[in-house]
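Read the structure below first, then the notes.
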Protein chains: 2
Amino acid sequence: MDERKQRVLQAVVQDYIESAEPVGSRTIARRHDLGVSPATIRNEMADLEMLGYLEHIHTSSGRIPSSMGYRFYVDGLMQPKRLTDEEKEQIDLWYRARVKRIEEVFQETARLISHVTKNVALVLAPQMTKSAFRCLQFLPLDDRRSVAVLMTDAGFIENRIVAMPSGASFEDFQRMARVINDCLAGCTLDAIPKAAYRKIRAEISDETLYEAALDVIRRALDGTDGKKRLYLGGTREILSQPEFRDVERVKEILLMLEEEELLKEILSAHLGDGLRVTIGQENDYKGIQDCSIVTATYHLDGELLGTIAVLGPTRMEYGKAMSLLGYMNEHLSDVVRRLGWQG
Amino acid sequence: MDERKQRVLQAVVQDYIESAEPVGSRTIARRHDLGVSPATIRNEMADLEMLGYLEHIHTSSGRIPSSMGYRFYVDGLMQPKRLTDEEKEQIDLWYRARVKRIEEVFQETARLISHVTKNVALVLAPQMTKSAFRCLQFLPLDDRRSVAVLMTDAGFIENRIVAMPSGASFEDFQRMARVINDCLAGCTLDAIPKAAYRKIRAEISDETLYEAALDVIRRALDGTDGKKRLYLGGTREILSQPEFRDVERVKEILLMLEEEELLKEILSAHLGDGLRVTIGQENDYKGIQDCSIVTATYHLDGELLGTIAVLGPTRMEYGKAMSLLGYMNEHLSDVVRRLGWQG
DNA sequence: GTTAGCACTCATTCGCCCCGAGTGCCAACG
DNA sequence: CGTTGGCACTCGGGGCGAATGAGTGCTAAC
């Protein structure tokens with residue numbers, strides 16, 4: 001593919017991303033300074049179509065890029081846009097103004113991304129169960145119940161009300177906590193070895209108390225896993241995309257966005273690959289083969305990681321999405337740290 | 001207004017709610033057994049229009065109810081529908097299956113209501129700051145930080161990481177907690193008297209420690225107030241309403257639904273009135289004068305209360321919405337209690 | 001290799017007509 | 001006097017065809 005073809009392809013993709021209308025040879029000749037006439041561009045476009053980079057809806061309607069065309073554009077033609085200092089400032093401001101509690105980081109990140117890109121944003125929060133047990137403590141609530149507080153090395157904190165079996169005192173509970181803390185020290189939450197349970201069993205002779213201990217561990221863990229991990233943003237924003245002018249189309253995508261498991265799967269598939277773009281038919285899942293996804297994985301101090309993503313029509317501002325995610329990727333952990341999650 | 005007019009009005013409202021199309025005299029004669037001819041019904045409808053209960057888009061298109069018409073229907077004509085045992089069973093199942101943690105109750109309630117009514121659901125959670133201070137406890141995290149856990153009488157639990165000033169030991173913090181617990185006992189969180197602060201000041205002589213104490217209290221409180229209190233559900237469901245066939249209309253309502261403060265205001269205005277219906281032009285806020293809101297306030301053991309609401313086009317199944325909210329109203333506190341929030 | 005010219009293709013828009021649902025009024029009926 | 005049937009009138013919506021315009025593909029000339 002020669003230089004000029006590339007420039008034509010670039011022009012087509014850029015114009016189409018901007019206008020959302022099939023673009024014709026004349027338009028390109030007018031708006032881009034290629035130094036050739038529309039007729040020549042027509043010839044080039046016909047060639048590009050032969051090569052699979054452009055598509056025709058029908059004879060006589062401008063061309064639109066194919067998935068392959070977008071791919072070539074993203075890989076080579078697009079000039080990677082960096083965020084300006086001003087934009088970075090804005091992002092920082094957004095966090096300062098809106099995120100008061102660590103739990104809000106993910107939701108607000110999704111909102112921010114969708115707001116900037118005008119597309120759907122997905123944020124997959126790190127799994128608490130992947131981090132290591134630090135300690136379990138009890139606080140007295142009343143004579144029948146106490147509050148179990150579970151902390152992990154990554155700084156997750158969970159609290160939960162547990163009933164105390166009649167006959168057991170708060171002191172019994174505190175002793176129990178010490179045993180559990182000893183036995184589970186350093187265990188990753190989703191992989192507590194059988195041996196640890198045996199050790200607890202050995203330490204706690206009282207049957208009811210042992211049952212209570214198990215219950216506490218179970219309850220402390222189960223909430224953490226069932227906890228919402230996928231945050232969505234921008235289901236409103238996509239309405240401004242011409243692709244979703246028709247309500248049926250909107251319903252379709254919203255229906256899909258409710259399938260949390262499916263989305264998690266899609267995002268998990270991209271885990272660990274840094275910044276990555278999947279375009280149109282490159283998607284495995286059929287329902288979004290007219291959409292593209294840009295994903296980035298972020299790290300929080302070493303082990304823990306999650307994924308942030310932008311989902312939108314193939315006609316997406318890839319440069320913007322990529323630079324934004326790239327920035328978030330680097331700085332999300334800073335934000336989290338500033339908010340006091342992790343030292 | 002005589003008996004027959006009422007039956008005609010009832011027929012018009014019911015048919016319109018069902019079909020979303022303006023209803024004509026012939027349709028009513030066919031579908032409702034009023035024992036009179038379409039001509040007679042036409043006359044009655046003309047009268048009802050004079051009286052303000054029905055409206056005409058223009059000559060020769062069936063009638064649709066006015067706000068006043070809906071009001072008359074809701075107040076007198078509608079037969080109040082009770083939930084069947086089966087439906088109640090379903091609701092209970094929903095909660096059992098989906099609500100694992102107390103924090104999810106409100107979001108899931110919103111989802112449930114929107115799912116059943118096919119309209120937007122709003123749930124205003126009770127304010128933590130309206131409940132009374134029970135105790136503040138510290139848990140050690142590492143040598144520089146500890147976790148402050150705040151509990152209130154209503155069973156709210158908040159946790160937050162606080163830095164310990166250098167030089168202060170964990171024991172200092174625990175002493176501080178005891179002082180704070182003494183001084184704030186029984187105070188409502190949003191109305192801590194000046195005297196309480198003076199008392200703390202008097203008890204804690206060390207300047208840095210006092211600052212730290214204030215910071216802890218402030219931080220424990222500020223998160224609780226900033227915490228999300230309004231839960232939305234069903235922004236997808238309303239797409240199936242013919243009123244929102246046009247994307248512009250959808251955008252409009254979604255935009256409004258983002259104005260959290262506005263929504264809180266609207267709901268707060270209905271606080272404490274039990275089950276209440278506001279129809280079309282009865283709404284103060286102009287943006288929803290073609291919508292109706294059904295609200296109900298629920299109580300959680302005495303003091304604490306919040307509001308649940310259904311927001312939809314005036315052509316709403318009032319009976320369904322009201323019976324559902326009525327039920328939720330009575331049983332939400334049961335659900336909460338079962339999940340262990342409050343004894 | 002590039003360009004101008006020309007015939008051809010569709011999608012869209014507009015006007016037009018017709019149909020059907022519905023009203024409003026009037027006259028007749030019991 | 002209330003009820004009914006009949007009839008003229010009114011719109012909205014669907015279907016049809018012509019005009020428009022953006023765009024292509026091809027060919028011949030530069």
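In what follows, chains are A, B, ... by sequence order, proteins preceding strands, each numbered from 1. In this text the structure is predicted, and so the values were computed from the model without any measurement.
With hydrogens and angles ignored, no donor-acceptor pair closer than 3.5 Å exists between the side chain of B:R26 and the base of C:dG22.
One atom, CD1 of A:I28, and another, C1' of D:dT24, lie 13 Å apart when rounded to the nearest Å. Taking atom CD1 of residue B:I41 and atom P of nucleotide D:dT3, one finds them 11 Å apart after rounding to whole Å. In this structure, the CE atom of B:M50 is 14 Å from the P atom of C:dT23, given to the nearest Å. When rounded to the nearest whole Å, the span between CD of A:E49 and P of D:dC26 equals 11 Å. Per the geometry, CG belonging to A:L34 stands 16 Å off C1' belonging to C:dG1, to the nearest Å. To the nearest angstrom, P of C:dC25 lies 15 Å from CE of B:M45. Between A:R42 atom CZ and C:dT9 atom C1' there is a gap of 14 Å when expressed in whole angstrom units. For the pair A:D47 CG and D:dC26 P, the computed distance is 12 Å after rounding to whole Å.
Residue B:L324 holds its CG atom at 12.5 Å from CZ of B:R82, rounded to the nearest 0.5 Å. Separation of atoms CG (A:L275) and OG1 (A:T297) is listed at 9.0 Å; rounding is to 0.5 Å.
Closest to the B:T27 side chain, of the nucleotides C:dA4, D:dG5, C:dG22, is C:dG22. Checked against D:dT24, D:dT4, C:dT2, the side chain of A:S25 finds its nearest nucleotide in D:dT24.
Of the residues in residues 53-70 of chain A, those with a non-hydrogen atom less than 4.0 angstrom from any atom of DNA chain C are A:H58, A:T59, A:S60.
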Worksheet entry | Stepwise ring-ring contact (aromatic ring centres under 6.0 Å, His included) check, A:Y318 with A:Y73 | CA-CA 9 Å; A:Y318 293 95; A:Y73 174 77; 7.1 Å; no
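Nearest-nucleotide positions on DNA chain D for B:V36 and A:V23 put B:V36 closer to the 5' end.
A salt bridge between B:R249 and B:D290 is present, with a side-chain N of the basic residue lying under 4.0 Å from a carboxylate O of the acidic one. Salt bridge absent: B:E55 and B:R63 never bring a charged side-chain N and a carboxylate O closer than 4.0 Å. Ion pairing between a basic and an acidic side chain is recognised when a charged N comes within 4.0 Å of a carboxylate O; A:E18 and A:R31 show such pairing.
Phosphate contact (OP1/OP2 of D:dT4, side-chain N/O of B:T40, threshold under 4.0 Å): present.
A:E87 places a side-chain N or O within 3.5 Å of a backbone atom of A:T84 that can act as its donor or acceptor partner.
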